[in-house]
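The first residue in the sequence is number 1, and the count goes up from there.
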Amino acid sequence: MKIGIVGCAGRMGRMLCKEVMAGDGLELVGGTEYDGSEFIGADISELSGLHPAGPMVTTDTAALFAASDAVIDFTLPEATTHHAELAGEHGTAFVVGTTGLSSPQQATIEAAARSVAVVQAANFSIGVNLLLGLTEQTAGVLGADNDIEILEMHHRHKVDAPSGTALALGRAAASGRGVNLDDVSDRVRDGHTGARKDGDIGFATLRGGDVVGDHSVIFAAEGERIELTHKASSRSIFANGAVRAARWCEGKAPGLYAMRDVLGFK
Ligand code: NAD
């Protein structure tokens with residue numbers, strides 16, 4: 001399968017190129033950067049920490065889409081919008097990791113998905129997506145007499161809390177219970193808070209050091225407790241999941257898919 005990487009000199013782009021070059025049955029067709037980037041003409045293998053062996057970084061995005069079975073995009077929203085249009089024009093499967101898309105930008109992804117398979121995820125980690133599926137299933141099986149608490153820890157530089165993934169876990173737990181997270185979310189506890197309200201989904205946040213991302217979902221009942229935990233130690237997990245998504249696209253009908261489709265969670 002032929003894979004192209006747009007934004008190939010970025011932090012994720014380099015990891016994606018390395019992952020594709022190491023993948024059985026995968027060929028890295030090429031990679032692009034924006035016009036004016038200092039990396040145009042650079043050797044992609046070398047950028048990815050391997051011996052120089054090409055291909056070279058170009059600006060010819062249309063040629064990359066024409067030559068690829070699937071293109072993976074972890075760039076910027078404005079660039080992703082243009083890439084989505086090219087995916088539709090060339091019939092190239094498209095894997096989107098770029099976050100922060102506005103509604104009109106998201107609409108271009110949905111337009112492309114009418115003519116090609118598109119996989120989009122805010123978190124491509126296979127482990128996190130498995131945790132999301134398990135959380136929804138467990139919440140559905142256990143029912144409301146289990147108190148659900150979500151605990152996350154990230155490095156000291158993270159500026160938002162709780163993490164987007166913690167909130168996604170909260171939504172998964174709420175969906176398993178058939179409720180809306182906004183109606184049951186308890187995000188701040190401080191001082192004399194009173195007893196825990198039945199059915200609440202609580203959040204707790206820790207910050208420190210260089211933690212890439214730890215998430216636990218705790219189901220606590222009278223007499224027993226279940227804890228589902230994922231710990232990330234490298235951003236390579238996102239590249240690994242995105243490449244798995246690109247492989248999965250082969251032969252798939254047009255549509256906008258999520259990692260839960262790739263992993264077979266329904
Ligand atoms: P980065 O800034 O290191 O890399 C982005 C790259 O895209 C840069 O090299 C930039 O020059 C390039 N680029 C910009 N415009 C371009 C264009 N028109 N054509 C080609 N290349 C272009 O950022 P990053 O840390 O690699 O993250 C990139 C995106 O991926 C962000 O939106 C981030 O939030 C997201 N991300 C998503 C996941 C996930 O699992 N979905 C994981 C990590 C990061």
Between CZ of Arg11 and CG of Leu16, what distance do you get to the nearest 0.5 Å?
-> 13.0 Å
Assess whether side-chain contact (heavy atoms from CB on, under 4.5 Å) is satisfied between Gln120 and Leu101, documenting all intermediate values.
-> CA-CA 11 Å; Gln120 184 180 26; Leu101 274 68; 4.2 Å; yes
Report yes or no: do Trp248 and Leu26 belong to one cluster of Ile/Leu/Val/Met/Phe/Trp/Tyr joined by side chain heavy-atom distances under 4.5 Å?
-> yes
Side chain to side chain, Asp186 and Lys197, heavy atoms closer than 4.5 Å = no
Counting only N and O atoms by type, is there a donor-acceptor contact under 3.5 Å from the side chain of Asp43 to the main-chain atoms of Gly54?
-> yes
Less than 4.5 Å apart, any side-chain heavy atom of Glu46 and any of Leu50?
-> no
Nearest 0.5 Å please: distance from the CG atom of Leu131 over to the CD atom of Glu136.
-> 12.0 Å
Please work out which of the three classes, parallel, tilted or perpendicular, describes the rings of Phe65 and Phe94, given edges at 30° and 60°.
-> tilted
Are there more than 12 heavy atoms of other residues, nucleotides or ligands under 6.0 Å from atom CG of Asp183?
-> yes
Is it true that atom CG of Asp198 has more than 12 heavy atoms of other residues, nucleotides or ligands lying nearer than 6.0 Å?
-> no
Tightest non-hydrogen contact, residues Ala242 and Val95, listed as O-CG1, 3.9 Å
Should His83 and Thr61 count as side-chain neighbours, where that means a heavy-atom distance under 4.5 Å?
-> yes
Side chains of Val116 and Pro254: does their closest heavy-atom pair fall under 4.5 Å?
-> no
Answer yes or no: are there more than 12 heavy-atom neighbours, outside Glu250 itself, under 6.0 Å from its atom CD?
-> no
Asp210 and His155: side-chain donor and acceptor closer than 3.5 Å?
-> no
Audit row: Ser163, Lys158, side-chain contact (heavy atoms from CB on, under 4.5 Å) steps and yes/no | CA-CA 9 Å; Ser163 70; Lys158 188 164 178 61; 3.7 Å; yes
Would you call Arg196 and Asp147 a salt bridge, taking side-chain N to carboxylate O under 4.0 Å as the test?
-> yes
If you take all heavy atoms of Ile148 and Ala139, which pair is closest and at what distance?
-> CD1-CB, 4.1 Å
Ignoring hydrogens and geometry, is there a side-chain-to-backbone donor-acceptor pair from Thr108 to Pro104 under 3.5 Å?
-> no
Is the gap between the ring centers of Phe74 and Phe124 under 6.0 Å?
-> yes
Approximate separation, where rounding is to 0.5 Å, of Glu19 CD and Ser48 OG = 11.0 Å
Of the non-hydrogen atoms in Ile44 and Val57, which two are nearest, and what is the gap between them?
-> CG1-CG2, 3.7 Å
Check whether the side chains of Ser102 and Gln105 place a donor and an acceptor atom closer than 3.5 Å, and report yes or no.
-> yes
Closest approach of Met1 and Ala246, non-hydrogen atoms and distance?
-> CE-O, 2.8 Å
Any side-chain heavy-atom pair of Val243 and Ile72 under 4.5 Å | yes
When rounded to the nearest 0.5 angstrom, what distance separates OG in Ser125 from CG in Asn240?
-> 8.5 Å
Between Thr58 and Asp60, a side-chain donor and acceptor under 3.5 Å = no
To the nearest 0.5 Å, tell me how far Ile226 CD1 sits from Asn146 CG.
-> 6.5 Å
Looking only at heavy atoms, what is the nearest atom pair of Thr205 and Ala161, with distance?
-> CG2-CB, 3.8 Å
Would Thr75 and Thr80 satisfy side chain to side chain donor-acceptor pair (under 3.5 Å), going step by step from the backbone distance to the final call?
-> CA-CA 7 Å; Thr75 59; Thr80 297; 3.2 Å; yes
hydrophobic_cluster_shared for Val212 and Leu169, side chain cutoff 4.5 Å = no
Shared hydrophobic cluster, Leu47 / Ile3 (ILVMFWY, side-chain heavy atoms < 4.5 Å) = yes
How long is the gap from CD1 on Ile237 to CD1 on Ile126, to the nearest 0.5 Å?
-> 9.5 Å
Pair Glu152 + Arg207, salt bridge at N-O below 4.0 Å = yes
In one Ile/Leu/Val/Met/Phe/Trp/Tyr side-chain cluster, 4.5 Å: Met259, Leu256 | no
Is the closest side-chain heavy-atom distance between Ser185 and Ile201 below 4.5 Å?
-> no
Under the 3.5 angstrom rule, does the side chain of Thr138 hit a backbone N or O of Leu134 as a donor-acceptor pair?
-> yes
Begin with the C-alpha distance, continue with both residues' side-chain angles, and end with the deciding distance and a verdict on salt bridge (Lys or Arg N to Asp or Glu O under 4.0 Å) for Arg189 and Glu149.
-> CA-CA 12 Å; Arg189 293 188 184 117; Glu149 293 285 308; 2.8 Å; yes
Distance-minimising heavy-atom pair for Pro162 and Phe203 = CG-CD2, 4.0 Å
Taking a hydrophobic cluster as the set of Ile, Leu, Val, Met, Phe, Trp and Tyr residues connected by side-chain heavy atoms closer than 4.5 Å, whether directly or through intermediates, do Leu64 and Ile40 fall within one such cluster?
-> no
Above 12 or not: heavy atoms from other molecules or residues under 6.0 Å from NZ of Lys2?
-> no
Does any donor atom in the side chain of His215 or Thr229 lie under 3.5 Å from an acceptor atom in the other side chain?
-> no
Please tabulate, for side-chain N and O atoms in residues 29-39, each donor-acceptor pair with protein atoms closer than 3.5 Å (sequence neighbours left out).
unit_1	atom_1	unit_2	atom_2	d
Glu33	OE2	Ala9	N	3.0
Ser37	OG	Phe39	N	3.0

Any side-chain heavy atom of Thr135 sitting closer than 4.5 Å to one from Leu132?
-> no
Would you please test Val119 and Asp261 for side-chain contact (heavy atoms from CB on, under 4.5 Å) and show each step?
-> CA-CA 9 Å; Val119 182; Asp261 300 306; over 6 Å; no
Take Ser45 and His51 through the side-chain contact (heavy atoms from CB on, under 4.5 Å) test and state the conclusion after the steps.
-> CA-CA 6 Å; Ser45 301; His51 289 300; over 6 Å; no
